Amino acid sequence: MSILPQHKYLTRSLTHVPKYHQSCLRRLVICSATTATTKSSTKPTQLVNEPRLVNPPALVSPIAPPFLNDPSLQSTWSHRLWVATGCTTVLISLAKAIVAAADSHVWLQPILAGYIGYILADLGSGVYHWGIDNYGDASTPIFGGQIEAFQGHHKWPWTITRRQFANNLHALARAVTFCVLPIDLACNDPTIHAFVGVCSGCIMFSQQFHAWAHGTKSKLPPLVVALQDAGLLVSRAQHAAHHRPPYNNNYCIVSGIWNKLLDKQKTFEALEMILYFQLGVRPRSWSEPTSDWTEEVEAPAQVTVQ
């Protein structure tokens, strides 16, 4: 007894295949079915297994919409400890920069270094945001939790305004602690500390700047609104463009100063092409937006205790 082989692509829905391949696959299905029918008429005893199109399992497990008192939005003592540790390492670095600059009476270099750190922190936030928006999933080592959170954020962007402070910052605070603490212990140069302190501080608080960019102007502190309007923090209007199709721009979330240049030069699109041709990995932004990317409006049931 023989079983007709099936093509491996026939076990997947055509909705997961680029449109220019769909017509070819449909013709393959018709040809395979014709062949199977012809052979069965000549050999009645032969078992025929006709190709069937079946829906594949969901690539990403469905995520339930969060609600106001959702534990995933609340801070734990572990979160608070990491944020406290991260803030401490950043403050030590800034303090050492100020003390060393005062002792040496050299202020220009540390100030310039701090400004450069601020500018590069915005660029770094954009590169990181682009990476976790487009590559990997919840099972990715180390970054899986961040990837899942950012991808869920596209569906429910308002949840970032519901996250408690330490819950929102703890992952970046942990990374800052491990990177900055050795520098605090090994270095006394005011220029280095000014750069490290400002850059790491902006990176750690970038998620808070991100949350403010989703806030309502009337509910934000006046100082935050003033800094947004001055372009020192990423503005609400600028970041709102990131949550509209095609979802592939305005990635920077510290000041947003790099967004216009990076988008105009198509920097991230060039990086995506390089990764695709070198590694064969497609970014999520190349796919037609699905429900995972489409914003879901906050419902009353999601703001009440469940």
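Predicted model, so just to flag it, every value in this text is computed and none were measured.
- Between I132 atom CD1 and Q146 atom CD the span is 5.0 Å, to the nearest 0.5 Å.
- When hydrophobic clusters are built by joining Ile, Leu, Val, Met, Phe, Trp and Tyr residues whose side-chain heavy atoms come closer than 4.5 Å, directly or via intermediates, I116 is grouped together with L233.
- The line from NZ of K96 to SG of C187 is 7.0 Å long, rounded to the nearest 0.5 Å.
- The side chain to side chain donor-acceptor pair (under 3.5 Å) search around D189 returns none, not counting sequence neighbours.
- Within the model, atoms SG of C199 and CD1 of I119 stand 10.5 Å from one another, a figure rounded to the nearest 0.5 Å.
- Hydrophobic clustering, with ILVMFWY side chains joined whenever heavy atoms are under 4.5 angstrom apart, groups V127 together with I257.
- In terms of heavy-atom proximity, M204 sits nearest to C87 at CE-SG, 3.6 Å.
- Within the 3.5 Å criterion, the main-chain N or O of H193 finds a donor-acceptor partner in the side chain of S93.
- At a threshold of 4.5 Å between non-hydrogen side-chain atoms, the residues Q207 and R163 do not count as touching.
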- [ ] Please test F209 against V254 for side-chain contact (heavy atoms from CB on, under 4.5 Å), starting from the C-alpha separation and ending with a verdict.
- [x] CA-CA 6 Å; F209 305 154; V254 173; 4.1 Å; yes
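- Rounded to the nearest 0.5 angstrom, K217 NZ and S235 OG are separated by 11.0 Å.
- Of the possible polar contacts, one joining the N259 side chain to the Y251 backbone as a donor-acceptor pair under 3.5 Å is found.
- Partners of A166 under the side-chain contact (heavy atoms from CB on, under 4.5 Å) rule, at least two apart in sequence or in another chain, are S75, H79, R80, V83.
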Which atom pairs, one a donor and one an acceptor, fall under 3.5 Å between side chains of residues 172-184 and the rest of the protein, sequence neighbours left out?
from, atom 1, to, atom 2, distance (Å)
T177, OG1, G86, N, 3.3
T177, OG1, A173, O, 2.8

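- L123 places a side-chain heavy atom less than 4.5 Å from the side chain of L262.
- D133 and H242 share a donor-acceptor pair across their side chains, judged by distance under 3.5 Å alone.
- By the rule that hydrophobic residues join a cluster once side-chain heavy atoms approach within less than 4.5 Å of another member, I203 and L120 end up as members of separate clusters.
- Note: Y115 and Y118 have tilted aromatic rings, judged against thresholds of 30 and 60 degrees for the angle between ring planes.
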Atom pairs and distances, side-chain donor-acceptor, residues 267-276, under 3.5 Å, sequence neighbours left out:
from, atom 1, to, atom 2, distance (Å)
E272, OE1, W286, NE1, 3.0
E272, OE2, W130, NE1, 3.0
E272, OE2, S285, OG, 3.3

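- In terms of hydrophobic clustering, with Ile, Leu, Val, Met, Phe, Trp and Tyr side chains grouped at heavy-atom distances under 4.5 Å, V90 and I98 are assigned to different clusters.
- Rounded to the nearest 0.5 angstrom, N249 CG and R244 CZ are separated by 8.5 Å.
- Remark: W258 engages no residue in a ring-ring contact (aromatic ring centres under 6.0 Å, His included) (not counting sequence neighbours).
- Taking the six-membered ring where the residue is Trp, H129 and H210 present tilted rings, their angle falling between 30° and 60°.
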Solution key, residues 223-230 side-chain donor-acceptor pairs under 3.5 Å, sequence neighbours excluded:
from, atom 1, to, atom 2, distance (Å)
Q228, OE1, R236, NH1, 2.4
Q228, NE2, W212, O, 3.3

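- Residues Y128 and W82 do not share a hydrophobic cluster, defined by chaining ILVMFWY side chains whose heavy atoms lie under 4.5 Å apart.
- Counting non-hydrogen atoms of neighbouring residues, nucleotides and ligands closer than 6.0 angstrom, the CD1 atom of I142 reaches no more than 12 such neighbours.
- In this structure, the side chain of D263 engages the main chain of N250 through a donor-acceptor pair within 3.5 Å.
- E148 CD to T140 OG1: the interatomic distance, rounded to the nearest 0.5 Å, is 10.5 Å.
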